[in-house]
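What follows is a set of notes on a single structure, which appears directly below.
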Protein chains: 2
Amino acid sequence: MKTENKKSSVCNCLNLRRASLAITEIYDHYLAPCQLSVSQFSILKHTHAMEPVSVSELAAEIRLDRTTLVRNLKPLERQGLIHDIAPPGTRNRQLCLTAAGRERIEQANAYWELAQKRIEAQLGQEDTKTLQALLLKIEVLAP
Amino acid sequence: MKTENKKSSVCNCLNLRRASLAITEIYDHYLAPCQLSVSQFSILKHTHAMEPVSVSELAAEIRLDRTTLVRNLKPLERQGLIHDIAPPGTRNRQLCLTAAGRERIEQANAYWELAQKRIEAQLGQEDTKTLQALLLKIEVLAP
DNA sequence: ATAATAATCGTGTATATACACTAAAATAAC
DNA sequence: GTTATTTTAGTGTATATACACGATTATTAT
């Protein structure tokens, strides 16, 4: 990922994928001290905002495939950051943060803000908004 | 991936990742008749343009992690679309398309163009360019 | 020519992603 | 209350992604 002379491809998809990998790399590095990827951080944040929440609801809100989320939850449960308080024998999971999970978010938030500022400093307020609007336009296209 | 009421997150990274997943889904569906993902199509196209090419060169051009590319090449080699013509005992691989690979690109190109047009029809010429420029700005930030 | 250095490549491991499929629970119809 | 339907969840499989590490080839210095 260390090539110079970067230039756009003609492929809109490839350009977006490259930018996504790049920004993910940036956020991941900022969050590394907390041992969280940006994807994991996102799951924690959304869980925090919606708890207790089912897998399906959470997936819909994050806009991840449900089965992807099922796998992504595993490391977070293993680390004791998220747990399920649904009584056994029921189908709806009720995912909640643990105390450790809440602590971790607190720490990670500070690093996340640094990453946010880094990006916005680079793009400027105006371009950041423009980008956001364009990305949403694309997202809406997906089935 | 079928949520309505989509709205932007405050997180620039998440927004980009969502858009990337969405556009990848779109291109993948367009390319499905050719049994290629957009990622695989991209590898084929770049190989075609650079052959014979080493793994490192190719990774740098596509801007994928080299070890990621090593794995991604496997299915394409298995399908007989790409092969390595480097003499045994040497270190530099010389990746080339096979005849089947060239054929496949030809087919896939038509579908890819449909996807391109779909996106550009939705965004318009102007916004497409704007988006491209902003994405490049982000890509350049990565280490 | 040999030793030191650099470039190139692959694997182990872990997470991320999604489609096809199955299974179980919850709800609705009757 | 039982049956039918819908909702919810998980697994098998395959690709995608990248870091840490090791190994081999190529190049450079001496």
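Naming convention: chains lettered A, B, ... in sequence-line order (proteins, then strands); numbering from 1 in each chain.
The residue B:Thr90 sits close only to the backbone: its heavy atoms come under 4.0 Å of sugar-phosphate atoms, none of a base. A:Asn72 comes within 4.0 angstrom of a nucleotide base, judged by non-hydrogen atoms across all strands. Using a 4.0 Å heavy-atom criterion, one finds that B:Ser54 contacts the sugar-phosphate atoms exclusively. Counting non-hydrogen atoms under 4.0 angstrom, A:Ser39 reaches the backbone sugars and phosphates but no base.
Between the base of C:dC9 and the side chain of B:Arg93 there is no donor-acceptor pair shorter than 3.5 Å. For B:Thr67 against C:dC9, no side-chain N or O and base N or O form a donor-acceptor pair under 3.5 Å. Side-chain to base pairing of A:Arg66 with D:dT11: no donor and acceptor N or O lie closer than 3.5 Å to each other.
Closest approach to the B:His29 side chain among D:dA9, C:dA18, C:dC19 is made by C:dC19 (side chain taken as heavy atoms from C-beta onward). In this structure, the nucleotide among C:dA18, C:dT15, D:dT8 sitting nearest to the side chain of A:Arg91 is D:dT8. With distances taken from any side-chain atom of A:Leu64 to the nucleotides C:dA18, D:dG10, C:dC9, the minimum falls on C:dA18.
Of the possible donor and acceptor atoms, none in the side chain of B:Gln132 sits under 3.5 Å from a partner among the backbone N and O of A:Asn12.
Between B:Glu57 atom CD and C:dA7 atom C1' there is a gap of 12 Å when expressed in whole angstrom units. Rounded to whole Å, atom P of C:dA14 lies 13 Å from atom CZ of B:Arg71. The distance from atom CG of A:Asp65 to atom C1' of C:dA16 is 11 Å, rounded to the nearest whole Å. Distance A:Asp28 CG to C:dA16 C1': 11 Å, rounded to the nearest Å. B:Leu31 has its CG atom 12 Å from the P atom of D:dA16, to the nearest Å. Between the CG atom of A:Leu81 and the P atom of C:dT15 there is a distance of 12 Å, rounded to whole Å. One atom, CG of A:Asn92, and another, C1' of D:dT6, lie 13 Å apart when rounded to the nearest Å. B:Arg18 places its CZ atom 16 Å from the C1' atom of C:dA16, with the value rounded to the nearest Å.
Comparing A:Pro75 and A:Gly89 along DNA chain C, the residue whose closest nucleotide (by nearest heavy atom) sits nearer the 5' end is A:Pro75.
Residue B:Arg63 places none of its side-chain N or O atoms closer than 4.0 Å to OP1 or OP2 of D:dA18. Look at A:Lys74 and you won't find any side-chain N or O under 4.0 angstrom from OP1 or OP2 of D:dA9. Taking side-chain N and O atoms only, B:Arg78 has a distance below 4.0 Å to OP1 or OP2 of D:dT15. An OP1 or OP2 oxygen of C:dT17 is reached within less than 4.0 angstrom by a side-chain nitrogen or oxygen of B:Arg17.
B:Arg66 and B:Ser56 get closest at one heavy-atom pair: CD-OG, 3.5 Å.
For the pair A:Arg71 and A:Glu77, the salt-bridge criterion is not met [side-chain N within less than 4.0 Å of a carboxylate O]. Between A:Glu51 and A:Arg102 a salt bridge is recorded (basic side-chain N to carboxylate O distance below 4.0 Å).
Using a 3.5 Å distance cut-off with no hydrogens or angles, the side chains of A:Asp65 and A:Thr67 do pair a donor with an acceptor. Side-chain atoms of B:Ser54 and B:Glu57 include a donor-acceptor pair closer than 3.5 Å.
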